[in-house]
Amino acid sequence: EPEVTQTPSHQVTQMGQEVILRCVPISNHLYFYWYRQILGQKVEFLVSFYNNEISEKSEIFDDQFSVERPDGSNFTLKIRSTKLEDSAMYFCASSWGTLDEYEQYFGPGTRLTVT
Amino acid sequence: LAKTTQPISMDSYEGQEVNITCSHNNIATNDYITWYQQFPSQGPRFIIQGYKTKVTNEVASLFIPADRKSSTLSLPRVSLSDTAVYYCLVGLSGGYNKLIFGAGTRLAVHP
(Lines give C-alpha, C1' and ligand atoms only; values in the text may rest on other atoms or scores of the structure.)
Protein backbone atom coordinates (compact mmCIF):
# COMPACT_ATOMS: atom_id res chain seq x y z
CA GLU A 1 0.00 0.00 0.00
CA PRO A 2 1.38 3.44 -0.89
CA GLU A 3 2.36 5.60 2.02
CA VAL A 4 3.49 9.09 2.92
CA THR A 5 7.05 9.26 4.19
CA GLN A 6 8.70 11.96 6.28
CA THR A 7 12.26 12.79 7.18
CA PRO A 8 13.83 13.14 9.60
CA SER A 9 11.91 11.23 12.22
CA HIS A 10 13.37 13.44 14.93
CA GLN A 11 14.99 16.85 14.62
CA VAL A 12 16.62 18.72 17.47
CA THR A 13 17.45 22.37 16.89
CA GLN A 14 18.33 25.45 18.85
CA MET A 15 15.98 28.36 19.20
CA GLY A 16 16.37 30.80 16.33
CA GLN A 17 17.64 28.22 13.86
CA GLU A 18 15.95 27.33 10.60
CA VAL A 19 14.61 23.84 10.06
CA ILE A 20 13.25 22.10 7.00
CA LEU A 21 10.96 19.14 7.41
CA ARG A 22 10.59 16.90 4.41
CA CYS A 23 7.74 14.80 3.13
CA VAL A 24 7.17 12.57 0.14
CA PRO A 25 3.42 12.39 -0.51
CA ILE A 26 1.73 9.52 -2.29
CA SER A 27 2.68 9.82 -5.93
CA ASN A 28 -0.67 10.40 -7.62
CA HIS A 29 -2.06 12.69 -4.95
CA LEU A 30 -2.70 16.32 -5.78
CA TYR A 31 -3.34 17.95 -2.41
CA PHE A 32 -0.83 18.27 0.37
CA TYR A 33 -1.10 19.31 3.98
CA TRP A 34 0.90 19.96 7.10
CA TYR A 35 -0.47 19.46 10.59
CA ARG A 36 1.18 19.66 13.96
CA GLN A 37 0.50 18.14 17.35
CA ILE A 38 2.01 19.55 20.50
CA LEU A 39 2.57 16.81 23.06
CA GLY A 40 -0.70 15.85 24.72
CA GLN A 41 -2.76 18.21 22.59
CA LYS A 42 -4.96 18.07 19.50
CA VAL A 43 -3.81 17.65 15.95
CA GLU A 44 -3.87 21.15 14.41
CA PHE A 45 -4.12 22.09 10.74
CA LEU A 46 -1.32 24.32 9.47
CA VAL A 47 -1.58 24.60 5.70
CA SER A 48 -2.91 23.02 2.55
CA PHE A 49 -1.21 23.18 -0.83
CA TYR A 50 -2.42 22.56 -4.34
CA ASN A 51 -1.14 23.36 -7.79
CA ASN A 52 2.07 24.81 -6.40
CA GLU A 53 0.42 27.31 -4.14
CA ILE A 54 -1.04 27.56 -0.68
CA SER A 55 -4.79 27.05 -0.78
CA GLU A 56 -5.51 27.60 2.89
CA LYS A 57 -3.54 28.28 6.04
CA SER A 58 -4.31 28.56 9.72
CA GLU A 59 -3.47 31.32 12.16
CA ILE A 60 -0.54 29.23 13.35
CA PHE A 61 1.05 29.40 9.91
CA ASP A 62 2.59 32.84 10.22
CA ASP A 63 5.48 34.44 8.34
CA GLN A 64 7.97 32.12 10.02
CA PHE A 65 6.52 29.18 8.12
CA SER A 66 6.74 28.40 4.44
CA VAL A 67 6.00 25.40 2.26
CA GLU A 68 7.43 24.33 -1.03
CA ARG A 69 7.20 21.56 -3.54
CA PRO A 70 10.69 21.83 -5.00
CA ASP A 71 10.34 18.91 -7.38
CA GLY A 72 7.74 16.38 -8.42
CA SER A 73 7.95 14.33 -5.27
CA ASN A 74 9.00 16.30 -2.19
CA PHE A 75 6.90 18.64 -0.09
CA THR A 76 8.71 20.66 2.54
CA LEU A 77 7.85 22.76 5.57
CA LYS A 78 10.38 25.40 6.59
CA ILE A 79 10.41 27.20 9.88
CA ARG A 80 12.70 30.20 9.55
CA SER A 81 13.51 31.01 13.14
CA THR A 82 12.34 28.34 15.52
CA LYS A 83 10.84 29.11 18.91
CA LEU A 84 10.50 26.86 21.93
CA GLU A 85 6.76 26.64 21.29
CA ASP A 86 7.36 25.14 17.85
CA SER A 87 8.34 21.90 19.55
CA ALA A 88 5.76 19.38 18.33
CA MET A 89 5.12 16.45 16.04
CA TYR A 90 4.67 17.64 12.49
CA PHE A 91 2.58 15.48 10.20
CA CYS A 92 2.45 15.68 6.45
CA ALA A 93 -0.65 14.38 4.66
CA SER A 94 -1.83 14.04 1.10
CA SER A 95 -5.06 13.29 -0.70
CA TRP A 96 -6.23 12.72 -4.23
CA GLY A 97 -9.15 15.11 -4.03
CA THR A 98 -10.77 17.58 -1.71
CA LEU A 99 -14.31 16.38 -1.39
CA ASP A 100 -15.26 14.76 1.90
CA GLU A 101 -14.91 11.28 0.50
CA TYR A 102 -11.23 11.65 -0.34
CA GLU A 103 -9.39 10.49 2.73
CA GLN A 104 -6.14 12.05 3.78
CA TYR A 105 -3.12 9.84 4.22
CA PHE A 106 -0.79 10.90 6.99
CA GLY A 107 2.91 10.30 7.32
CA PRO A 108 4.58 9.01 10.48
CA GLY A 109 5.56 12.49 11.58
CA THR A 110 8.71 14.40 12.46
CA ARG A 111 9.27 15.14 16.10
CA LEU A 112 10.76 18.63 16.33
CA THR A 113 12.47 19.57 19.57
CA VAL A 114 13.56 23.18 19.98
CA THR A 115 15.99 23.83 22.81
CA LEU B 1 -18.28 22.99 10.35
CA ALA B 2 -20.44 20.85 12.61
CA LYS B 3 -19.46 20.68 16.28
CA THR B 4 -18.93 17.15 17.53
CA THR B 5 -19.11 15.71 21.02
CA GLN B 6 -17.64 12.35 21.94
CA PRO B 7 -16.55 10.75 25.21
CA ILE B 8 -13.09 11.72 26.38
CA SER B 9 -12.12 8.16 27.21
CA MET B 10 -13.35 4.57 27.23
CA ASP B 11 -12.06 1.32 28.60
CA SER B 12 -12.64 -2.14 27.22
CA TYR B 13 -11.24 -5.64 27.34
CA GLU B 14 -9.86 -7.81 24.62
CA GLY B 15 -12.52 -9.58 22.60
CA GLN B 16 -15.29 -7.15 23.43
CA GLU B 17 -17.20 -4.98 20.99
CA VAL B 18 -16.64 -1.27 21.50
CA ASN B 19 -19.09 1.39 20.44
CA ILE B 20 -18.06 5.03 20.42
CA THR B 21 -20.86 7.51 19.88
CA CYS B 22 -20.40 10.98 18.46
CA SER B 23 -23.04 13.69 18.64
CA HIS B 24 -23.27 16.25 15.84
CA ASN B 25 -26.58 18.04 16.23
CA ASN B 26 -25.92 20.75 13.65
CA ILE B 27 -24.80 18.47 10.86
CA ALA B 28 -25.55 19.96 7.45
CA THR B 29 -27.27 18.23 4.58
CA ASN B 30 -24.08 17.72 2.58
CA ASP B 31 -21.84 16.70 5.48
CA TYR B 32 -20.16 13.32 5.64
CA ILE B 33 -19.15 11.68 8.93
CA THR B 34 -15.56 10.52 9.06
CA TRP B 35 -13.59 8.67 11.72
CA TYR B 36 -9.83 8.67 12.13
CA GLN B 37 -7.66 6.64 14.48
CA GLN B 38 -4.35 7.72 15.98
CA PHE B 39 -1.85 5.48 17.72
CA PRO B 40 0.70 7.08 20.05
CA SER B 41 3.45 8.91 18.17
CA GLN B 42 1.86 8.19 14.78
CA GLY B 43 -0.17 10.18 12.31
CA PRO B 44 -3.95 9.83 12.19
CA ARG B 45 -5.30 7.09 9.99
CA PHE B 46 -8.64 7.06 8.20
CA ILE B 47 -10.95 4.32 9.47
CA ILE B 48 -14.36 4.78 7.93
CA GLN B 49 -16.73 7.30 6.46
CA GLY B 50 -20.46 7.41 5.89
CA TYR B 51 -23.36 9.61 5.00
CA LYS B 52 -26.36 7.67 6.24
CA THR B 53 -27.49 4.23 7.48
CA LYS B 54 -24.69 1.74 7.96
CA VAL B 55 -21.25 1.39 6.49
CA THR B 56 -18.94 -1.55 7.15
CA ASN B 57 -15.36 -2.24 6.17
CA GLU B 58 -12.71 -4.67 7.31
CA VAL B 59 -11.90 -2.57 10.35
CA ALA B 60 -15.15 -1.14 11.69
CA SER B 61 -18.81 -0.37 11.20
CA LEU B 62 -20.42 3.03 11.27
CA PHE B 63 -24.05 3.38 12.25
CA ILE B 64 -25.88 6.58 11.38
CA PRO B 65 -29.54 7.05 12.38
CA ALA B 66 -32.03 8.64 10.06
CA ASP B 67 -31.74 12.10 11.63
CA ARG B 68 -27.92 11.98 11.29
CA LYS B 69 -27.49 13.92 14.51
CA SER B 70 -25.23 11.25 15.91
CA SER B 71 -23.13 8.35 14.72
CA THR B 72 -21.62 5.28 16.34
CA LEU B 73 -18.30 3.74 15.47
CA SER B 74 -18.34 0.03 16.25
CA LEU B 75 -15.12 -1.95 16.66
CA PRO B 76 -15.81 -5.69 16.79
CA ARG B 77 -13.75 -7.87 19.12
CA VAL B 78 -11.09 -5.36 20.05
CA SER B 79 -7.51 -6.34 20.76
CA LEU B 80 -4.74 -4.58 22.66
CA SER B 81 -3.58 -3.07 19.39
CA ASP B 82 -6.83 -1.12 19.09
CA THR B 83 -5.72 1.09 21.97
CA ALA B 84 -5.69 4.51 20.34
CA VAL B 85 -7.46 7.85 20.09
CA TYR B 86 -10.52 7.87 17.84
CA TYR B 87 -11.68 11.09 16.22
CA CYS B 88 -15.10 11.87 14.80
CA LEU B 89 -15.06 14.57 12.13
CA VAL B 90 -18.14 15.99 10.52
CA GLY B 91 -18.56 18.47 7.75
CA LEU B 92 -15.05 18.80 6.48
CA SER B 93 -14.52 22.42 5.72
CA GLY B 94 -15.07 22.02 2.06
CA GLY B 95 -12.78 23.87 -0.24
CA TYR B 96 -9.46 22.27 0.37
CA ASN B 97 -10.55 19.70 2.91
CA LYS B 98 -8.61 20.69 6.00
CA LEU B 99 -9.30 18.36 8.88
CA ILE B 100 -10.27 19.88 12.20
CA PHE B 101 -9.58 17.42 14.99
CA GLY B 102 -11.18 17.58 18.39
CA ALA B 103 -9.81 15.88 21.48
CA GLY B 104 -11.15 12.50 20.35
CA THR B 105 -11.94 9.46 22.45
CA ARG B 106 -9.02 7.72 24.08
CA LEU B 107 -9.77 3.99 24.01
CA ALA B 108 -7.80 1.74 26.32
CA VAL B 109 -8.10 -2.00 25.71
CA HIS B 110 -7.06 -4.16 28.64
CA PRO B 111 -6.03 -7.83 28.65
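Quick note: numbers below take in every heavy atom, side chains included, and nothing from hydrogens, waters or symmetry partners. First the proteins, then the strands, lettered A, B, ... as listed; each starts at 1.
Across every non-hydrogen atom of B:S41 and A:M89, the tightest pair is O-CE, 4.0 Å. Heavy-atom minimum distance, B:F101 versus A:K42: O-CD, 3.5 Å.
Only the side chain of A:Q37 comes within less than 4.5 Å of a heavy atom of chain B; its backbone N, CA, C and O stay farther away. Only the side chain of B:Y87 comes within less than 4.5 Å of a heavy atom in chain A; its backbone stays farther off.
Annotation: B:R106, atom CZ; neighbour count of heavy atoms from other residues, nucleotides and ligands within 6.0 Å does not exceed 12. Other residues, nucleotides and ligands place more than 12 heavy atoms under 6.0 Å from the OH atom of B:Y51. Annotation for A:E59: atom CD does not count as buried by contact number, only 12 or fewer foreign heavy atoms lying within 6.0 Å. With a 6.0 Å radius and a threshold of 12 heavy atoms from other residues, nucleotides or ligands, A:L84 has its CG atom above the threshold. In the displayed structure, A:D62 atom CG is contacted under 6.0 Å by more than 12 heavy atoms of other residues, nucleotides or ligands. Remark: B:K52 NZ is loosely packed, at most 12 non-hydrogen atoms of other residues, nucleotides or ligands lying under 6.0 Å away.
Expressed to the nearest 0.5 Å, how far CZ of B:R45 lies from CD of A:E103 amounts to 9.5 Å. Here A:F106 contributes atom CZ and B:L99 contributes atom CG; the two are 5.0 Å apart, rounded to the nearest 0.5 Å.
The backbone N or O of A:Q104 sits less than 3.5 Å from a side-chain atom of B:Y36, completing a donor-acceptor pair.
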